[in-house]
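Have a look at the structure below before the remarks.
What's counted below: heavy atoms across the whole structure, side chains too, no hydrogens, waters or symmetry copies. Here, residue 1 is the first one in the sequence, and each next residue gets the next number. Order of appearance sets the numbers: ligands from 1, and atoms from 1 within every ligand.
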Amino acid sequence: MTTHICPITETSLEEAKQILLRGGTVAFPTETVYGLGADARSDEAVRSIYAIKGRPSDNPLIVHVHKDYALNSLVFDDMPYAKKLRDAFLPGPLTLVYRSKGAVSKIVSCGLDTLAVRVPQHEGAQRFLRYVDLPVAAPSANRSKHISPVTAQHVYGDLAGSVPLILDGGACSGGIESTVCDVTGPYPVILREGLVTREQIERVAGRCDVYHSREGEQVRSPGMKYKHYAPHCRTVLFAPDELERAVSYFSDREKNGERVLALCEHAVLQNFPKGKALDLGKNGEEFAANLYVLLHEAEERCDELIAVEPAERGGVMAGVLNRLRKACGAKQ
Ligand code: AMP
Ligand code: MG
């Protein structure tokens, strides 16, 4: 199969629609990462997403819709606070998990009785979703366990030959995946941390918990149990107070003739040799926006990436640290 990268135009949108209606897949941009979309109503189309990505079959997908799509055709929306969350954050990088009405393929939710729905803000994503006017099941457009794509070229690098069309909407601005929040209970519970923070949700809904699986318990957001987001190069991660150790580790490796790069926040960049440190930026939002771009760059340029956690905590840092730690080998 030949893979075409196309700007978002009437012609490419019509092509995208025809592909989806035939049960095929189309990659499209969102404000977080690129998605690999298929018609959520079709078992076969949804199955092909799992096959292309090599995604474990118990890791459910998020359904994407445009902002005027009739939500009540897909889910039961019985919690008053859910409307408040939609008014405050949608369209945007927040996925809400509702009780499903069973209107899409069961494979989307891997047999769970819930459905995760997202309304992305990205203009290209909205145009695409409005044009096709379907519920589009879409995980990130990368091979399972690799870093999520934030440019059309990243998608091409992972999926060329497996997907016929990549709609090119430029680089994603947010850079890490959406926050996934369960709205089936008396108060919202975050299942995956992301760009919309616990603090922001709490301010709107009055209360918000973050779910942590307990030993032996069935995981509520199955995707979170998998190692994710890892570059192909080796990685090592140091805590903010281990900077000195990171620097000497770096120079030991360099003396051995190894191709190493550091990844750290702007404030500590000068501790590493010029041109050998990737700059994550100055605050949580910048770290989130830069993380995947730099992980992609690292795997092109080095054998081992020596990362130092930024010191900032709270807000979007929960999502950033979760992704950075997973990229460096942590399971949770
Ligand atoms: P990805 O598509 O790779 O961004 O991953 C989607 C995330 O949403 C995973 O962490 C899934 O476990 C989570 N998710 C999707 N649908 C559901 C659902 N019905 N209930 C709980 N978590 C879900
Ligand atoms: Mg993913």
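Near V180, the atoms of ligand 1 lying under 4.0 angstrom from a non-hydrogen atom of the residue are 8 (O). Listed by atom number, the atoms of ligand 1 under 4.0 Å from R192 heavy atoms are 1 (P), 4 (O), 5 (O), 6 (C), 7 (C). Applying the 4.0 Å criterion to heavy atoms of P139 picks out, from ligand 1, the atoms 2 (O). Residue N59 approaches ligand 1 through these ligand atoms, each under 4.0 Å from one of its heavy atoms: 9 (C), 11 (C), 12 (O). Each of the following atoms of ligand 1 lies closer than 4.0 Å to a heavy atom of P60: 6 (C), 11 (C), 12 (O), 14 (N), 15 (C), 16 (N), 17 (C), 23 (C). Short contacts between ligand 1 and L191, defined as distances under 4.0 Å to a heavy atom of the residue, involve ligand atoms 21 (C), 22 (N).
Within a 6.0 Å radius of CD in Q153, more than 12 heavy atoms belonging to other residues, nucleotides or ligands are found. Heavy atoms from other residues, nucleotides or ligands lying under 6.0 Å from CD of E44 number 12 at most.
Look at S140 and the Mg ion (ligand 2): an N/O/S atom of the residue is under 2.8 Å from the metal.
The shortest N/O to N/O separation between T114 and ligand 1 falls below 3.5 Å.
Two residues are said to be in side-chain contact when any heavy atoms from C-beta on lie closer than 4.5 Å; L74 and V104 meet this criterion.
Residue contacts with ligand 1, taken as heavy atom pairs separated by less than 4.0 Å, do not involve T95 at all. When non-hydrogen atoms are compared, ligand 1 lies under 4.0 Å from the side chain of R55 (C-beta onward) but not from its backbone. Proximity of L61 to ligand 1, defined as any heavy-atom pair under 4.0 Å, is confined to the backbone N, CA, C and O atoms.
With sequence neighbours excluded, the residues satisfying side-chain contact (heavy atoms from CB on, under 4.5 Å) with K67 are P91, V119, Q126, R130.
The closest heavy-atom contact to atom 6 (C) of ligand 1, among the options V117, I62, L36, I49, comes from I62.
Residues S178 and T95 bring a donor and an acceptor atom of their side chains to less than 3.5 Å of each other. Looking only at atom types and distance, the side chain of R47 has no donor-acceptor partner in the side chain of S42 under 3.5 Å away.
Here the two rings, on H146 and H154, have centers that are 6.0 Å apart or farther.
Other cluster members for I306: V236, F238, L243, V247, Y249, F250, V260, V268, F272, V308, joined by side-chain heavy-atom distances under 4.5 Å among Ile, Leu, Val, Met, Phe, Trp and Tyr.
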